[in-house]
2 protein chains.
Amino acid sequence: MISFDNFTAVDGSPVYMQIIMHIKRGVAAGIVQNEDELPSRRVLSSLLGVNPNTVQKAYRLLEEEGLISSHSGAKSFMQLDEDKTNSIKASLLENDIRGMIRSMQQMDISKKEALEFIDLYWR
Amino acid sequence: MISFDNFTAVDGSPVYMQIIMHIKRGVAAGIVQNEDELPSRRVLSSLLGVNPNTVQKAYRLLEEEGLISSHSGAKSFMQLDEDKTNSIKASLLENDIRGMIRSMQQMDISKKEALEFIDLYWR
DNA sequence: TTAACTGTATTATATTCATAGTACGGTTGC
DNA sequence: GCAACCGTACTATGAATATAATACAGTTAA
């Protein structure tokens, strides 16, 4: 069962998008694997304190991406292969890193300083 | 006059927030300084291709933060001192770095790998 | 079999973000 | 003085996000 233990829905972006990202980061980390069972819409919404429709939207979009298989009445499962997993990992990584680098460069921070900051804040 | 040359309004977050961040990053970089003149609401909205109300919202929030002084009929100017500038820089830096580190840790990336990625993507 | 759970769908409401259009009075340079 | 700006304010509209309350049919385990 995919875990949402360390999920915190408070970063400004839509909750349904945060749910999607939580799952994709799990996939990128190898924590979420093919055929893993997803919490039901009702269970997850109650766990996160959000509306079932919000979870349904996240799951629907993931299904449209081909990462989840859902069938009426049955539980939902991850539908992954090596290609999908690799492509998710690569895209998330590049996105996050490029975003942070753009920010730091706009703040006129040097690469050396950036590396030092990361070293400092990493725990 | 504060420049919006390299501004691109397409990162998912609200445009008014992107305007605020653009200015704050300029402050953090030392490019935007005390008493610098801001483009008028109408001029900037037309430059960015957004509604004047969107720019007004960004400016209003910056004024409420004490970073801008506006008076009806007159142009708007930055209102900065060393304390404000330092606090903006520190807060932006910490935010960006912590966000990126959280992402990379969720993806199970090691600190060593993280530093290598930054080194690779920095240009 | 049947009760409990599942996915799915619908309607209604509220808030935020952004747009469009208009208006009013203050400031500034010619 | 006056035209051309400026900040500020308001109403109306629409899309996106999220909530609430139902409803219905498929699946599954006791």
Side-chain angles (χ1 to χ4, degrees), chain A residues 1-4 7-24 32 34-80, chain B residues 1-4 7-24 32 34-80:
Chain A
M1 176 70 74
I2 294 178
S3 160
F4 282 79
F7 184 92
T8 46
V10 278
D11 83 35
S13 67
V15 174
Y16 79 90
M17 191 59 72
Q18 295 181 52
I19 294 172
I20 290 174
M21 293 310 289
H22 178 87
I23 292 174
K24 285 191 175 181
V32 173
N34 188 37
E35 295 194 331
D36 274 0
E37 183 185 332
L38 291 139
S40 83
R41 277 74 166 162
R42 289 171 180 85
V43 165
L44 182 55
S45 67
S46 140
L47 184 67
L48 302 183
V50 303
N51 194 276
N53 298 332
T54 302
V55 178
Q56 164 61 6
K57 181 167 188 179
Y59 281 16
R60 180 175 55 77
L61 291 171
L62 284 167
E63 195 186 0
E64 284 169 6
E65 273 195 76
L67 304 179
I68 280 182
S69 77
S70 316
H71 299 97
S72 191
K75 292 173 177 173
S76 300
F77 296 90
M78 296 303 300
Q79 206 171 30
L80 297 170
Chain B
M1 175 69 73
I2 295 178
S3 160
F4 281 79
F7 183 91
T8 46
V10 278
D11 84 32
S13 68
V15 174
Y16 79 89
M17 191 57 72
Q18 295 181 52
I19 294 172
I20 291 174
M21 293 309 291
H22 178 88
I23 292 175
K24 285 191 175 180
V32 173
N34 187 37
E35 296 193 333
D36 275 359
E37 184 185 333
L38 291 141
S40 82
R41 277 72 164 162
R42 289 172 179 83
V43 165
L44 182 54
S45 66
S46 139
L47 184 66
L48 302 183
V50 302
N51 195 275
N53 298 331
T54 302
V55 177
Q56 164 62 5
K57 180 166 187 180
Y59 281 18
R60 180 176 55 76
L61 291 171
L62 284 167
E63 195 185 2
E64 284 170 6
E65 273 194 76
L67 303 179
I68 280 182
S69 77
S70 315
H71 300 96
S72 192
K75 291 173 180 175
S76 300
F77 296 91
M78 295 303 300
Q79 206 171 30
L80 297 170

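Values below: every heavy atom of this structure, side chains too, minus hydrogens, waters and symmetry copies. To find a chain, count down the sequence lines: A is the first, B the second, and so on, and within it residues start at 1.
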Novice: Take the protein atom CD of A:Gln18 and the nucleotide atom C1' of D:dA18, then report the distance between them rounded to whole Å.
Specialist: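 A:Gln18 atom CD is separated from D:dA18 atom C1' by 13 Å.
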
Novice: Which distance, rounded to the nearest 0.5 Å, do you find between the CE of B:Met78 and the CD1 of B:Ile68?
Specialist: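 These two atoms lie 5.5 Å from each other.
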
Novice: To the nearest angstrom, how far is A:Arg41 atom CZ from D:dA25 atom P?
Specialist: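 The answer, rounded to whole Å, is 19 Å.
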
Novice: In whole angstroms, how far is the P atom of D:dT27 from the CZ atom of A:Phe77?
Specialist: 13 Å

Novice: Nearest to the side chain of A:Ala74, heavy atoms from C-beta on, is which of D:dT27, D:dC6, C:dG7?
Specialist: D:dT27

Novice: To the nearest Å, give me how far apart CD1 (B:Ile20) and C1' (C:dC17) are.
Specialist: 13 Å

Novice: Looking only at the side chain of B:Val50 (C-beta and beyond, no hydrogens), which of the listed nucleotides C:dG7, C:dT19, D:dG7 gets closest?
Specialist: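 Between C:dG7, C:dT19, D:dG7, the one nearest the side chain of B:Val50 would be C:dT19.
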
Novice: Considering residues at least two apart in sequence or located in another chain, which fulfil the side chain to side chain donor-acceptor pair (under 3.5 Å) criterion with A:Glu64?
Specialist: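 Scan of A:Glu64 (side chain to side chain donor-acceptor pair (under 3.5 Å), adjacent residues dropped) gives A:Arg60.
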
Novice: Between B:Phe4 and B:His22, how do the two ring planes meet: parallel, tilted or perpendicular, split at 30° and 60°?
Specialist: parallel

Novice: Measuring from B:Ile23:CD1 to B:Leu38:CG, what's the distance to the nearest 0.5 Å?
Specialist: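 Those atoms lie 5.5 Å apart.
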
Novice: Measure from the side-chain heavy atoms of B:Arg42 and tell me the nearest of C:dC17, C:dT6, D:dT8.
Specialist: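 Selected nucleotide (nearest to the side chain): D:dT8.
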
Novice: Where the side chain of B:Tyr16 is concerned, which of C:dA18, C:dT6, D:dT8 is the nearest nucleotide?
Specialist: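 The answer is C:dA18.
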
Novice: Within the pair B:Ser72 and D:dC6, is there a side-chain N or O less than 4.0 Å away from OP1 or OP2?
Specialist: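 Result: no.
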
Novice: Check the distance between C:dT6's P and A:Leu44's CG and give it to me in whole angstrom.
Specialist: 11 Å

Novice: Which nucleotide, C:dC17, D:dC6, D:dG26, lies nearest any side-chain atom of B:Pro14?
Specialist: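 Looking only at heavy atoms from C-beta outward on B:Pro14, the closest nucleotide is C:dC17.
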
Novice: Select one nucleotide: of C:dG7, D:dG7, D:dA18, the one nearest the side-chain heavy atoms of B:Ser76.
Specialist: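 Looking only at heavy atoms from C-beta outward on B:Ser76, the closest nucleotide is D:dG7.
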
Novice: Rounded to the nearest 0.5 Å, how far apart are CG of B:Leu62 and CG of B:Leu67?
Specialist: 6.0 Å

Novice: Would you jot down, in residue-number order, the residues of residues 52-71 of chain A having a non-hydrogen atom under 4.0 Å from DNA chain D?
Specialist: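 Heavy-atom contacts with DNA chain D come from A:Asn53, A:Thr54, A:Lys57.
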
Novice: Decide yes or no, distance alone: a donor-acceptor N/O pair under 3.5 angstrom between the base of D:dA18 and the side-chain of A:Asn51.
Specialist: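 Such a pair does not exist between side chain and base.
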
Novice: Look up atom CD in B:Gln18 and atom CG in B:Leu48, then write down how far apart they are to the nearest 0.5 Å.
Specialist: 9.5 Å

Novice: Drop me the distance from A:Tyr59's OH to A:Ser70's OG, to the nearest 0.5 angstrom.
Specialist: 9.0 Å

Novice: Figure out the CE/C1' separation between B:Met1 and D:dC5, and round it to whole Å.
Specialist: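 About 12 Å, once rounded to whole Å.
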
Novice: Rounding to a whole Å, what distance do you find between B:Lys75:NZ and C:dT28:C1'?
Specialist: 8 Å

